[in-house]
Amino acid sequence: MIKLHDKYFKKFISEAQIQEAVARMSTEMAEDLKDERPIFIGILNGVFMFFADFMKAYPYTCEMSFIKLASYHGTSSSGDIKELIGLSQDIEGRTVVVLEDIIDTGNTLEELHKIFKAKKVKDFKIGTLFFKPEAYTKQHKIDYIGMEIPNEFIVGYGLDYDELGRNLPEVYQLHNHNMINLILFGKPGAGKGTQANFLKEKYNLVHISTGDVFRYNMKNDTELGKLAKSFIDKGDLVPDEVTINMLQAEVEKNPEANGFIFDGFPRTTAQAEALDNFLTTKDMGISATIALEADDEVLIERLLERGKDSGRADDQDRDKIANRFDEYNQKTAPLIDFYKQQNKFHSINGIGTIEEITVRLSTAIDQL
């Protein structure tokens, strides 16, 4: 997995597979053109690596050139008409083979046919290392194809994403799966932590607990940890921006995750808006907020029972438990309204066995 600008790409085609395709194309063309002295023309910029490897493998006499295609942008033009830049040879009556790094829709190919037909070449052929049949919309024959690939965005071996990635010897595909990003709500005792563990295993999600993230950064004296500690030591609240930056670091540590479970954040509408803004920069978003609902008396009994084993004082006092419930209600109510407006709020019955509740959660997630 690599990162270029703001996107992640996963390895798709190995260097060995590319070289095998290049060698096969060279052999096919050599057999067809051995009695000719063809002119091989590469379309810049992306073709340079393929072109160089192909020419080293081609065994017969040939000529080579590079061209670029430029659009006219006059007042009466749509911008679709192309002109050649860089072709200096007289190619009338010659056999011309244009080499492309990739052909998808075929728009460029159509323009090339028009241009070279006008130049009265003897024979015109097209060879492309990569071809996307799902995207191809034209009728022109492609004479030589290195390999057919899905209609997904790729980089490497001359292909770029905003000018990055051309130098990679392998090809990478955009890591663009459907991510599941969840926020779990639940009063103390609702089983939020237990269910988060099941969900992260089932859906290959990363569980990001704000409390754990804070403790990690402060314990390891990271820059963000030092910054957070400076506010805490003064008795101030840690600014949302610091927390978001910590969450961002956790997200970026896990580029192959199918999604994330956010636990303990957001706690306010402002934090929810900040989280949305951050996820947008990563081409992500919250899939759903899920609240585990249970009657207060049931939860109180759960906590009192848990307190016998845990020894936690706040799990052994009814008044303290009631205060925690009140605090949860006050903080969560505005967030529930916030996510209801986005049609992302789901209420799940939290009464029953662990397995029964897991099934309810899974059913809600599978329908997203």
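- With sequence neighbours excluded, no residue forms a salt bridge (Lys or Arg N to Asp or Glu O under 4.0 Å) with Lys114.
- Of the possible polar contacts, none joining the His346 side chain to the Ala364 backbone as a donor-acceptor pair under 3.5 Å is found.
- Counting heavy atoms of neighbouring residues, nucleotides and ligands inside a 6.0 Å radius, atom CZ of Phe48 exceeds 12 of them.
- Residues Leu275 and Ile286 form a side-chain contact, since some pair of their non-hydrogen atoms from C-beta on lies under 4.5 Å apart.
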Ser209 vs Asp263, test: side chain to side chain donor-acceptor pair (under 3.5 Å). Steps then yes/no. CA-CA 5 Å; Ser209 165; Asp263 183 356; 4.7 Å; no
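- The side chain to side chain donor-acceptor pair (under 3.5 Å) test applied to Arg267 returns no partner, not counting sequence neighbours.
- Ring geometry, His113 versus His140: the interplanar angle falls under 30°, so the pair is classed parallel (tilted spans 30 to 60°).
- At least one side-chain heavy atom of Val298 sits under 4.5 Å from a side-chain heavy atom of Ile351.
- By the side chain to side chain contact (heavy atoms under 4.5 Å, CB included) test, Thr27 is found to be paired with no residue, residues two or more places apart in sequence or in another chain being considered.
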side-chain contact (heavy atoms from CB on, under 4.5 Å) assessment of Thr289 paired with Leu182: CA-CA 6 Å; Thr289 58; Leu182 305 174; over 6 Å; no
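- No path of Ile, Leu, Val, Met, Phe, Trp and Tyr side chains, each step under 4.5 Å between heavy atoms, connects Phe131 with Phe54, placing them in separate hydrophobic clusters.
- Counting non-hydrogen atoms of neighbouring residues, nucleotides and ligands closer than 6.0 angstrom, the CD atom of Glu20 reaches no more than 12 such neighbours.
- Side-chain contact, Asn197 with His207: no donor N or O sits under 3.5 Å from an acceptor N or O.
- Using a 4.0 Å cut-off between charged side-chain N and carboxylate O, Glu110 and Lys138 make a salt bridge.
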Evaluate the criterion side-chain contact (heavy atoms from CB on, under 4.5 Å) for residue pair Phe185 and Ile348; output intermediate values, then yes/no. CA-CA 10 Å; Phe185 290 145; Ile348 300 295; over 6 Å; no
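- Arg166 is linked by a salt bridge (Lys or Arg N to Asp or Glu O under 4.0 Å) to Asp160, Glu163, counting only residues two or more places apart in sequence or in another chain.
- Ionic pairing of Arg94 and Glu36 is not present here: no N-O contact between side-chain nitrogen and carboxylate oxygen is shorter than 4.0 angstrom.
- Pro188 places none of its side-chain heavy atoms less than 4.5 Å from the side chain of Leu299.
- Annotation: Phe66 is in aromatic contact with Phe51 [ring centroid separation under 6.0 Å].
- Between Phe50 and Met25 the shortest side-chain heavy-atom distance falls below 4.5 Å.
- Of the possible donor and acceptor atoms, one in the side chain of Asn254 sits under 3.5 Å from a partner among the backbone N and O of Glu250.
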Go through it in stages, so that I can follow the logic: the residues are Gln271 and Thr243, the test is side chain to side chain donor-acceptor pair (under 3.5 Å), and I'd like the CA-CA distance, side-chain angles, deciding distance and then a yes or no. CA-CA 9 Å; Gln271 290 178 353; Thr243 307; 5.7 Å; no
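- For the pair Thr105 and Tyr136, the minimum side-chain heavy-atom distance is 4.5 Å or more.
- A side-chain donor-acceptor contact under 3.5 Å links Asp53 and Gln19.
- In Lys344, the NZ atom is crowded: over 12 heavy atoms of neighbouring residues, nucleotides or ligands sit closer than 6.0 Å.
- Thr194 is linked by a side chain to side chain donor-acceptor pair (under 3.5 Å) to nothing, counting only residues two or more places apart in sequence or in another chain.
- You'll find the side chain of Ser14 stays beyond 4.5 Å of the side chain of Ile18, heavy atoms only.
- Transitive grouping of hydrophobic side chains (ILVMFWY, heavy atoms separated by less than 4.5 Å) brings Met246 and Ile208 into a common cluster.
- Salt-bridge annotation for Glu63 and Arg37: present, with a side-chain N of the basic residue lying under 4.0 Å from a carboxylate O of the acidic one.
- With sequence neighbours left out, Glu170 forms a side chain to side chain contact (heavy atoms under 4.5 Å, CB included) with Lys11, Glu15, Tyr172.
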Check step by step if salt bridge (charged side-chain N to carboxylate O under 4.0 Å, His left out) holds for Lys229 and Asp221. CA-CA 9 Å; Lys229 192 172 184 299; Asp221 235 13; over 6 Å; no
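- Two residues are said to be in side-chain contact when any heavy atoms from C-beta on lie closer than 4.5 Å; Phe9 and Leu168 fail this criterion.
- Using a 4.5 Å cut-off on side-chain heavy atoms (C-beta onward), Ile103 and Ile142 make contact.
- Remark: Glu241 CD is loosely packed, at most 12 non-hydrogen atoms of other residues, nucleotides or ligands lying under 6.0 Å away.
- Checked against Ile261 for a side chain to side chain contact (heavy atoms under 4.5 Å, CB included), the options Leu205, Ile183, Asn181, Ile180 give a single hit: Leu205.
- Every residue meeting the side chain to side chain contact (heavy atoms under 4.5 Å, CB included) condition with Pro239, not counting sequence neighbours, appears here in chain and number order: Phe231, Val242.
- Remark: Glu223 pairs with Lys226 by the salt bridge (Lys or Arg N to Asp or Glu O under 4.0 Å) rule, at least two apart or across chains.
- The residues Asp32 and Lys125 are annotated as not salt-bridged, no charged nitrogen and carboxylate oxygen being separated by less than 4.0 angstrom.
- Under a 4.0 Å N-O distance rule, the pair Lys282/Glu252 qualifies as a salt bridge.
- In this structure, the side chain to side chain contact (heavy atoms under 4.5 Å, CB included) partners of Lys141, at least two apart in sequence or on a different chain, are Asp143.
- Applying the salt bridge (Lys or Arg N to Asp or Glu O under 4.0 Å) rule to Glu297 yields the partners Arg318; only residues at least two apart in sequence or on another chain are considered.
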Going by atom type alone, with no hydrogens or angles, which donor-acceptor pairs under 3.5 Å involve a side-chain atom of residues 330-341 and a protein atom two or more places apart or on another chain?
{"from": "Lys331", "atom 1": "NZ", "to": "Glu327", "atom 2": "OE2", "distance (Å)": "3.0"}
{"from": "Thr332", "atom 1": "OG1", "to": "Tyr328", "atom 2": "O", "distance (Å)": "2.7"}

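- Of the N and O atoms on the side chains of Thr108 and Glu111, not one donor lies less than 3.5 Å from an acceptor on the other residue.
- Grouping the Ile, Leu, Val, Met, Phe, Trp and Tyr side chains by contacts below 4.5 angstrom, directly or via other members, places Phe153 with Leu164.
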Can you give me every donor-acceptor pair (side chain of residues 40-47, partner residue at least two apart or in another chain, under 3.5 Å) with its distance?
none

